[in-house]
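Everything below concerns the one structure shown next.
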Amino acid sequence: MKLDKATIEKLAEHLENCELEARDTLKITDEHPEMDWDDAYAIQDEIRRRKLARGTRIPGLKAGLTSFAKMKQMGVETPCFGFVTDYGSVPDGGEIRIDELIHPKVEPEIVFVLKHALKGPGCHIGSVLAATDFVMAGLEVIDSRYRDFKFDLKSVVADNTSAARCVVGSRIRSVDAVDLRSMGVVMEKNGEIVALGAGAAVLGHPATAVAMLANHVGARGQEIPAGAMVLSGGVTEAVAVARGDSINLRVQGLGTVGCKFV
Ligand code: 0L1
Ligand code: MG
């Protein structure tokens with residue numbers, strides 16, 4: 001690690017305030033170019049600690065930058081990992097207030113809910129499928145706190161991988177009732193198709209992203225707990241939204257999920 005505890009706490013407070021006040025900022029590596037990956041995750045962990053201390057619940061974890069399209073867009077080869085909050089979880093068909101966000105984008109996700117805890121090292125697709133209770137369709141609203149999306153991956157990790165809101169559908173399916181690789185995904189904005197994909201766009205199989213997350217948290221002495229939901233990552237590129245937009249996602253075998261920006 002290159003940053004001391006006080007700097008990590010200061011950066012976490014700054015990024016969390018930007019999130020809570022819907023205020024943007026310059027990327028933190030501008031002032032701290034020496035920052036390493038452990039620092040980036042330590043800042044994210046400190047944001048999480050601050051929220052837990054205030055009574056926020058963390059219903060799940062997320063993998064980000066898992067689709068080949070998004071990795072190409074960001075020029076990276078590895079996913080990143082973050083967490084989702086109770087106040088960020090919106091009911092299916094619910095409203096999301098645009099004035100609580102900076103420059104939101106929406107992406108389609110396949111969401112896993114675990115019946116058994118998962119902890120790396122050594123997790124693979126099989127471990128994930130065996131530990132999964134059911135899968136659901138989901139929308140993730142990402143909202144990078146960085147001005148004009150000028151960021152690098154370490155800054156994004158520190159900023160809890162741009163996590164902002166998520167919506168999950170109500171149709172649940174066991175993993176053997178759907179084909180997670182070939183399942184089609186169609187996302188519409190105001191009735192127009194804006195993104196199309198298939199489960200395999202997420203690292204060849206969305207369970208791979210969950211296995212990578214389990215190996216990531218395992219390397220840090222943690223686990224994905226039983227009952228947690230895991231957002232396996234955007235199947236397509238994220239789509240920008242504005243006040244008045246309605247998003248509807250259809251995932252083959254998993255029904256629909258939607259939200260409206262007000
Ligand atoms: O969920 C994700 O794929 C994280 C994306 C982080 C970068 C961005 O805000 O576009
Ligand atoms: Mg995502």
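Bear in mind the structure is a predicted one, so any value in this text is a computation, not a measurement. For ligands, and for the atoms within them, numbers begin at 1 and follow the listed sequence.
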Exercise for the section: Using distance alone, determine whether F151 and ligand 1 share an N or O pair under 3.5 Å. Expected result: no
Handout entry: ligand 1 contacted by F149 (non-hydrogen, < 4.0 Å)
Key = no
Exercise for the section: Establish, from distance only, whether the side-chain atoms of T85 and T56 form a donor-acceptor pair under 3.5 Å. Expected result: no
Problem - Element-labelled atoms of ligand 1 that are located less than 4.0 Å from some non-hydrogen atom of L65 - result: 2 (C), 3 (O), 5 (C)
Problem - Taking atom 5 (C) of ligand 1 as the reference point, the nearest protein heavy atom with its distance - result: K70 NZ, 3.6 Å
Exercise for the section: Check whether the side chains of S144 and H103 place a donor and an acceptor atom closer than 3.5 Å, and report yes or no. Expected result: no
Problem - Pair N190-S246, side-chain donor/acceptor within less than 3.5 Å - result: no
Handout entry: Closest protein heavy atom to atom 4 (C) of ligand 1, given as residue, atom name and distance to 0.1 Å
Key = T161 O, 3.4 Å
Practice task
Enumerate the atoms of ligand 1 whose separation from the nearest heavy atom of V156 is less than 4.0 angstrom.
Solution key: 6 (C)
Practice task
Would you give the length of the straight line joining atom CG of L52 to atom CD1 of I47, rounded to the nearest 0.5 angstrom?
Solution key: 12.0 Å
Handout entry: Donor-acceptor pair between K62 and T161 side chains, under 3.5 angstrom
Key = yes
Exercise for the section: Answer yes or no: does an N/O atom from E107 fall short of 3.5 Å to an N/O atom of ligand 1? Expected result: yes
Problem - Evaluation steps, salt bridge (Lys or Arg N to Asp or Glu O under 4.0 Å), between K154 and D152 - result: CA-CA 6 Å; K154 285 177 193 154; D152 53 25; over 6 Å; no
Problem - Interatomic spacing from NZ in K27 to CZ in F149 - rounded to 0.5 Å - result: 15.0 Å
Practice task
Please name the atom of E107, restricted to N, O or S, that is closest to the Mg ion (ligand 2).
Solution key: OE2
Completion exercise
Counting from 1 in the order shown, the ligand 1 atoms closer than 4.0 Å to a non-hydrogen atom of K62 are 1 (O), 2 (C), 4 (C)
Problem - E140 N/O under 3.5 Å from ligand 1 N/O - result: yes
Handout entry: Ligand-side contact atoms (ligand 1) for residue partner S144, heavy atom cut-off under 4.0 Å
Key = 9 (O)
Practice task
Compute whether any side-chain donor of one residue and acceptor of the other, for D86 and S89, lie under 3.5 angstrom apart.
Solution key: no
Problem - Angle at the Mg ion (ligand 2) (to 10°), with one arm to OE1 of E140 and the other to OE2 of E109 - result: 100°
Completion exercise
For G64, the ligand 1 atoms with a heavy-atom partner under 4.0 Å come out as 1 (O), 2 (C), 3 (O)
Exercise for the section: Give the numbers and elements of all ligand 1 atoms closer than 4.0 Å to a heavy atom of S162. Expected result: 6 (C), 7 (C), 8 (C), 9 (O)
Practice task
May I ask you to establish whether R48 and F83 are in a cation-pi arrangement, using a distance under 6.0 Å from NZ or CZ to the six-membered ring centre and at most 45° from the ring axis?
Solution key: yes
